[in-house]
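Accompanying notes for the structure given below.
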Amino acid sequence: MEPRLPGRLMLREFFEASPERVAPRLLGKLLVHRTKAGILAGRIVEAEAYLGPHNETPDPAAHSHRGPTPRNQVLFGPAGHAYVYAIYGRYFCMNISCEIEGRAGCVLLRALEPVAGGEQMARNRGLAPGAIRHGGRDLTGGPSRLCLALGLTRAVHNGLDLLDPASTLQARDDGFAVHEVMATPRIGIRHAAELPLRFALPGHPCVSGTKSFTGRRIFLR
DNA sequence: AGGCCGATCCTCT
DNA sequence: GAGGATCGGCCTA
């Protein structure tokens, strides 16, 4: 029997908007991966917006900044698809495409809180099964850590539709309510480093880089 | 707790 | 041929 997935599948319209608008509203939603080893799911607690070249505000930190290339073509396709890319030769990062087809833009997932499959996530991270400490920070706190924990790779997952009920990787909503979000500069970039396009749940243990957590509080309605 | 550094390879110019 | 949307280990306090 198919085990039931947590929450409800999200709607594509949610992602057919500016990443700046999507990213804060994505906090609290679920990323769910169906694997042979069971369901691996995490709640999104930190995300960054990367703006497409059509945008009024130039975003030279975005992979889509110079237009379509073989690597970034998913970003110019329809909303709600996974953009997974390799970084520093060893790791992957996971994004969700935004905007309508023909316009680029995405949200980088920077941290999850483990919701299902924590023991398997620990195995995927090379940690002892009982080593789920700090609310899961060691498992899924960081853009490449969460890819390792959920077993996400470019070869398998790049381009997957996260809003297809048949997909093994889905964006879902279990009704978890988020009212308050922090906005700060993005992490680890050289260009456009001052734009406040990083969003996180204030004080959440899985959020990376808690040190430089100077930013504005945003209230969602 | 915070800073520095090496690993490692793909992508684009 | 340069430069990453990173991580973990090792160093100093």
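A quick note: this is a predicted structure, and the numbers were derived from the prediction, not measured. So that the names make sense, note that chain A is the first sequence line, chain B the second, and so on, each numbered from 1.
- For the pair A:Tyr91 and A:Ala86, both in contact range of DNA chain B, the more 5′-proximal nearest nucleotide belongs to A:Tyr91.
- A search for salt bridge (Lys or Arg N to Asp or Glu O under 4.0 Å) contacts involving A:Arg172 returns nothing, not counting sequence neighbours.
- Among residues two or more places apart in sequence or in another chain, the side chain to side chain contact (heavy atoms under 4.5 Å, CB included) test is passed with A:Glu56 by none.
- We find that CZ of A:Arg71 is positioned 12 Å from C1' of B:dC9, with the value rounded to whole Å.
- Under the 4.5 angstrom side-chain criterion for Ile, Leu, Val, Met, Phe, Trp and Tyr, the cluster partners of A:Leu197 are A:Leu51, A:Leu195.
- Among pairs with a residue in residues 53-76 of chain A, those fulfilling ring-ring contact (aromatic ring centres under 6.0 Å, His included) read A:His63-A:Tyr83, A:His63-A:Tyr85, at least two apart in sequence or across chains.
- Bounding nucleotides for the chain A contact on DNA chain C, 5' to 3', at a heavy-atom distance below 4.0 Å, are C:dG4 to C:dG8.
- When side chains are defined from C-beta on, A:Leu26 counts as touching A:Leu109, because their heavy atoms get closer than 4.5 Å.
- At a non-hydrogen distance threshold of 4.0 Å, nothing from residues 74-83 of chain A comes into contact with DNA chain C.
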In dot-bracket, 5' to 3', how would DNA chain C read with Watson-Crick or G-U wobble pairs under 3.5 Å, [ ] for crossing ones and | for pairs to another strand?
-> ||||.|||||||.

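- Nucleic acid contact class of A:Ala61 (heavy atoms, under 4.0 Å, all strands): base.
- Listed by chain and residue number, A:Arg43 satisfy the salt bridge (Lys or Arg N to Asp or Glu O under 4.0 Å) test with A:Asp174 (two or more places apart in sequence, or in another chain).
- Contacts of A:Arg186 with the nucleic acid, taken as non-hydrogen atoms under 4.0 Å apart, are absent.
- With sequence neighbours left out, A:Glu48 forms a salt bridge (Lys or Arg N to Asp or Glu O under 4.0 Å) with A:Arg110.
- In this structure, the salt bridge (Lys or Arg N to Asp or Glu O under 4.0 Å) partners of A:Arg186, at least two apart in sequence or on a different chain, are A:Asp59.
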What donor-acceptor contacts under 3.5 angstrom involve side-chain atoms of residues 140-160 of chain A, with partners at least two apart or in another chain?
from, atom 1, to, atom 2, distance (Å)
A:Thr140, OG1, A:Leu112, O, 2.7
A:Thr140, OG1, A:Gly136, O, 3.4
A:Ser144, OG, A:Phe92, O, 2.9
A:Arg145, NH1, A:Gly141, O, 2.9
A:Thr153, OG1, A:Val156, N, 3.4
A:His157, ND1, A:Thr153, N, 3.1
A:His157, ND1, A:Thr153, O, 3.4
A:His157, NE2, A:His33, NE2, 3.1
A:Asn158, OD1, A:Val84, N, 2.9

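- Here A:Leu108 lies in heavy-atom contact (under 4.0 Å) with a base.
- Residues near A:Ile100 contribute nothing to a hydrophobic cluster around it, because no ILVMFWY side-chain heavy atom sits closer than 4.5 Å to its side chain.
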Candidate pair A:Arg198 and A:Thr184, rule side chain to side chain donor-acceptor pair (under 3.5 Å), full reasoning = CA-CA 5 Å; A:Arg198 170 177 176 254; A:Thr184 81; 2.9 Å; yes

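- As rounded to whole Å, 12 Å separates atom C1' of B:dC9 from atom CD1 of A:Ile87.
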